[in-house]
2 protein chains.
Amino acid sequence: MTQDGPTMSEGAVHRGRAASSGQPKSDTRAAGSGEASVVERRDEILEIAATLFAERGYRATSIRDIAERAGMKAGSLYYHITSKEALFVEIHDKALDAAAARVRAVIAGCRSPWERLEAACVEMLEIQLNPESLTLPIMNNFRSVPDEVKDALIRKRDEFERIFRDIIAALPLPSAIDRTIYRILLLRLLNTADEWYREGRLTRPEIAAQIVGIFRHEAG
Amino acid sequence: MTQDGPTMSEGAVHRGRAASSGQPKSDTRAAGSGEASVVERRDEILEIAATLFAERGYRATSIRDIAERAGMKAGSLYYHITSKEALFVEIHDKALDAAAARVRAVIAGCRSPWERLEAACVEMLEIQLNPESLTLPIMNNFRSVPDEVKDALIRKRDEFERIFRDIIAALPLPSAIDRTIYRILLLRLLNTADEWYREGRLTRPEIAAQIVGIFRHEAG
DNA sequence: TCAAATCTAACAAGTGTTTGATAGATAAGC
DNA sequence: GCTTATCTATCAAACACTTGTTAGATTTGA
């Protein structure tokens with residue numbers, strides 16, 4: 001892609017209920033009335049799209065694919081979304097926020113720096129390898145994303161990675177090790193786990209322990 | 001992609017001079033006659049395609065992109081190639097062969113196991129980060145490749161990675177470290193270097209040294 | 001003259017997106 | 001309570017465009 005994607009012009013003025021707009025009137029409509037509420041429907045679409053983006057990548061996932069999985073026709077999707085790009089950006093931001101929250105939560109209960117690193121690694125593997133929710137492996141492969149959007153995505157990702165910068169800053173590493181490279185390498189492994197992970201033999205915590213084992217060096 | 005790509009039916013019976021076929025008559029035509037020889041023309045196309053595939057990925061690179069860079073129209077490309085898939089497979093195989101040769105060459109002159117590992121890492125970074133030749137970063141991102149082709153690509157890649165299996169087998173690692181995970185992680189970093197590498201500050205050999213520094217653990 | 005290499009033009013299929021029509025539910029007026 | 005009117009969510013159909021690929025005509029050079 002890089003230069004041929006649609007150009008993401010201005011903000012949406014759709015008739016439908018695209019992205020951010022606060023609740024429509026007061027439509028959260030408690031789950032009493034039998035069927036899924038309006039808000040849930042949109043979240044459902046976000047999850048479906050997230051799963052497909054994660055499985056096949058942005059470019060290889062078509063609007064029609066998403067629509068079909070959501071049980072509707074392609075055109076109908078545009079009642080809920082502004083554009084494919086906007087959909088991706090929204091998912092990406094939500095996924096990173098959720099991931100950040102989860103990682104922050106697990107490291108909060110850790111005393112030593114190495115404990116924190118290992119807990120963060122375990123949690124990252126869970127996040128990347130469990131296609132359960134909206135916390136999905138889509139924080140790389142920026143090549144498949146139009147240029148203008150790319151900047152926003154990278155900014156959000158950098159924000160997320162600051163968590164690891166802090167964890168690593170607290171590690172008692174030998175002075176010969178460059179902490180920036182250290183962080184880049186570690187995050188690359190964690191973020192692309194779904195590409196190199198092979199089911200079987202070792203469990204996820206065991207693999208996380210292997211990673212930390214390799215990255216563990218005490219100053220001396 | 002995964003299931004929608006073209007289906008790579010049978011072997012080519014083109015009129016042109018697609019893939020493997022030995023030389024056409026005796027057409028290597030020494031470089032005396034002023035212009036590029038026929039064989040060189042085809043290699044030129046392979047290099048152009050390799051560069052584009054590396055830059056944008058398989059799916060995001062169109063036949064028309066390649067043709068334009070080669071100074072011709074899309075249809076004309078099919079005089080030289082059988083299909084986009086076959087073109088990719090050929091490039092991929094050639095790239096891996098070239099990379100294997102280069103890595104084998106540099107580790108041949110090394111005594112100690114750790115020396116060998118560092119030399120291999122330096123060379124891999126050079127290969128991945130120098131878009132000079134046909135030795136290009138396309139040994140990952142298999143998601144963007146049709147299923148049937150994927151198997152062949154993976155087989156070839158596994159063959160390449162055996163070099164690293166041997167290097168790692170000779171390392172005096174602590175018994176707690178799993179050499180399979182160790183190899184997978186290291187190769188993932190080296191193979192995706194073009195995605196995480198940022199120009200400036202550290203040179204490539206310095207980065208390679210950092211990587212080896214992190215992965216270096218003596219048994220004890 | 002002959003073959004190699006390229007062009008033009010089309011194909012069928014797929015892309016993101018828009019438009020106008022329409023069921024089904026909800027609310028308002030009488 | 002019954003009939004309107006409004007609104008929500010969907011569909012069908014088209015749009016303009018890109019994709020890989022093929023066929024036949026045409027140029028180029030020896």
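Below, all heavy atoms of this structure are taken into account, side chains as well, without hydrogens, waters or symmetry copies.
- The distance between atom CD1 of A/Ile66 and atom P of C/dG16, rounded to the nearest whole Å, is 8 Å.
- The side chain of B/Arg41 contributes no N or O atom lying less than 4.0 Å from OP1 or OP2 of C/dA4.
- Here the straight-line distance linking atom OG1 of B/Thr82 with atom CG of B/Leu87 works out to 9.0 Å at 0.5 Å rounding.
- Atom P of nucleotide D/dG20 and atom CD of B/Glu68 are separated by 13 Å, given to the nearest angstrom.
- Counting to the nearest Å, the C1' atom of C/dC7 and the CG atom of B/Leu77 are 13 Å from each other.
- Atom-to-atom, CZ of B/Arg56 to P of D/dT18 comes out at 14 Å; the value is rounded to the nearest Å.
- With D/dT22, C/dT17, D/dC11 as the choices, the nucleotide that has an atom nearest any side-chain atom of B/Tyr78 turns out to be D/dT22.
- Atom-to-atom, CG of A/Leu52 to P of C/dG16 comes out at 12 Å; the value is rounded to the nearest Å.
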Between the protein and nucleotides 8-11 of chain C, list every N/O to N/O distance that falls short of 3.5 Å.
unit_1: C/dT8; atom_1: OP2; unit_2: B/Lys73; atom_2: NZ; d: 2.9

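- The pair B/Arg162-B/Glu159 does not count as a salt bridge, with every side-chain nitrogen at least 4.0 angstrom from each carboxylate oxygen.
- Taking atom CZ on A/Arg59 and atom C1' on C/dT15, their separation rounds to 10 Å, with Å as the unit.
- A/Arg157 and A/Glu161 are joined by a salt bridge, as a carboxylate oxygen and a charged side-chain nitrogen come within less than 4.0 angstrom of each other.
- With rounding to whole Å, A/Asp65 atom CG is found 11 Å from C/dG14 atom P.
- In summary, B/Arg42 and B/Glu90 engage in a salt bridge, as defined by a charged side-chain N under 4.0 Å from a carboxylate O.
- Note that B/Arg204 lies in the cation-pi zone of B/Tyr197, set by a 6.0 Å cut-off to the ring centre and a 45° limit from the axis.
- Look at B/Tyr79 and you won't find any side-chain N or O under 4.0 angstrom from OP1 or OP2 of C/dT6.
- A close approach under 4.0 Å does occur between a side-chain nitrogen or oxygen of B/Ser62 and OP1 or OP2 of D/dT19.
- Considering every non-hydrogen atom in both B/Cys121 and B/Val212, the closest pair reads SG-CG2, 4.0 Å.
- Taking CG of B/Asp166 as the reference point, atom CZ of B/Arg104 lies at 9.0 Å (rounded to 0.5 Å).
- Taking atom NZ of residue B/Lys84 and atom P of nucleotide D/dG20, one finds them 4 Å apart after rounding to whole Å.
- Here B/His80 does not reach the OP1 or OP2 of C/dA4: none of its side-chain N or O atoms lies under 4.0 Å away.
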